[in-house]
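All chains are named by letter (A, B, ...) in the order of the sequence lines, taking the proteins before the strands, and each is independently numbered beginning at 1. Hydrogens, waters and symmetry mates are skipped; everything else that's a heavy atom, side chains included, is used. Owing to the predicted nature of the structure, the values given are computational and were not obtained by experimental measurement.
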Amino acid sequence: MGPSDPASHVATKSGRTPRNAIMFGPAGFAYVYLSYGVHWFLNVVTDAEGEAGAVLIRAVDPLDGMQVMSARRDLASGPGRVGQAFGVTATLNGHDLAVPLLQLLAGWSLGPSDVGESQRIGITRAKERLLRFFVLNNGSVSRPRV
DNA sequence: ACTCCGATTGTT
DNA sequence: ACAATCGGAGTA
């Protein structure tokens with residue numbers, strides 16, 4: 001939602017800044033930022049060039065390269081863990097997600113009944129908006145901390 | 001220049 | 001419940 005979402009990095013009065021500049025570019029690029037000075041968060045830019053918008057990847061379900069069956073459940077459940085699992089750092093900010101180094105590919109097919117939506121996690125502004133989307137009945141989906 | 005705090009996580 | 005850890009953004 002970009003500017004119309006109070007929880008977005010582009011929602012401030014300053015609008016475009018050095019940090020969020022990638023969000024104003026074309027879709028399909030990585031927007032990476034450091035959270036709490038600790039975790040690298042991976043976002044995918046979604047809107048057309050000139051229109052700021054991005055989606056945070058909060059979890060990933062490891063399908064290939066998981067010699068680690070035991071770790072499967074929580075290996076990449078949580079945005080900080082996604083960053084850690086893929087080795088995301090500042091150098092990936094602005095990365096073209098069509099390039100194999102870190103690439104978005106078509107996944108298995110999902111219908112509307114496979115996708116859940118809920119309030120977002122960990123934010124203070126615009127909590128009520130249902131802008132968190134997840135695969136239903138998938139163990140890798142991240143959850144709020146109890 | 002200085003303050004506040006953040007789409008968190010691991011440990012106590 | 002709390003520390004870790006740091007830079008963006010707002011205020012002065």
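Under 3.5 Å, the side chain of A/R58 and the base of B/dA7 form no donor-acceptor pair of N or O atoms. A donor-acceptor contact under 3.5 Å is not formed by the side chain of A/R125 with the base of B/dG6.
Atom CZ in A/R19 sits about 8 Å away from atom C1' in B/dG6, given to the nearest Å. Atom CG in A/N43 sits about 14 Å away from atom C1' in B/dG6, given to the nearest Å. Taking atom CG of residue A/D5 and atom C1' of nucleotide B/dA7, one finds them 10 Å apart after rounding to whole Å. Atom CG in A/L42 sits about 13 Å away from atom C1' in B/dA7, given to the nearest Å. Distance CG (A/L34) to P (C/dT5): 12 Å, rounded to an integer number of Å. In this entry the distance linking NE2 of A/H9 with P of C/dG8 reads 11 Å, nearest Å. Atom CZ of A/R143 is separated from atom C1' of B/dT8 by 15 Å (rounded to the nearest Å). Between A/W40 atom CH2 and B/dG6 atom P the separation is 19 Å, expressed in whole Å.
By the 4.5 Å heavy-atom criterion applied to side chains, A/E49 and A/F24 are not counted as neighbours. Under the 4.5 Å side-chain criterion, counting only non-hydrogen atoms from C-beta, A/R19 is in contact with A/Y31.
Side-chain nitrogen and oxygen atoms of A/T17 include at least one within less than 4.0 Å of the OP1 or OP2 phosphate oxygen of C/dA9. Residue A/H39 has no polar side-chain atom (N or O) positioned under 4.0 Å from OP1 or OP2 of B/dA7. Taking side-chain N and O atoms only, A/R132 has no distance below 4.0 Å to OP1 or OP2 of B/dA7. Put simply, A/Y36 has no side-chain N or O that comes within less than 4.0 Å of OP1 or OP2 on C/dG7.
B/dC5 and C/dA3 have their P atoms separated by 16 Å, with the value rounded to a whole Å. Rounded to a whole angstrom, the distance from the C1' atom of C/dG7 to that of B/dG10 is 22 Å.
In this structure, A/N93 contributes its side chain and A/A90 its backbone to no donor-acceptor pair below 3.5 Å.
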- [ ] Check the pair A/H95 / A/F29 against ring-ring contact (aromatic ring centres under 6.0 Å, His included), numbers first and verdict last.
- [x] CA-CA 5 Å; A/H95 169 71; A/F29 284 74; 8.0 Å; no
- [ ] Could you walk me through whether A/R129 and A/D5 pass the side chain to side chain contact (heavy atoms under 4.5 Å, CB included) test, one step at a time?
- [x] CA-CA 9 Å; A/R129 300 192 185 186; A/D5 174 15; 4.1 Å; yes
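Within 4.0 Å of A/G37, counting heavy atoms only, lies at least one base atom of the nucleic acid.
Comparing B/dG10, C/dA9, B/dA7 by their closest approach to the side chain of A/R145 singles out B/dG10.
In this entry B/dA7 has no Watson-Crick or G-U wobble partner, no candidate having both defining distances under 3.5 Å.
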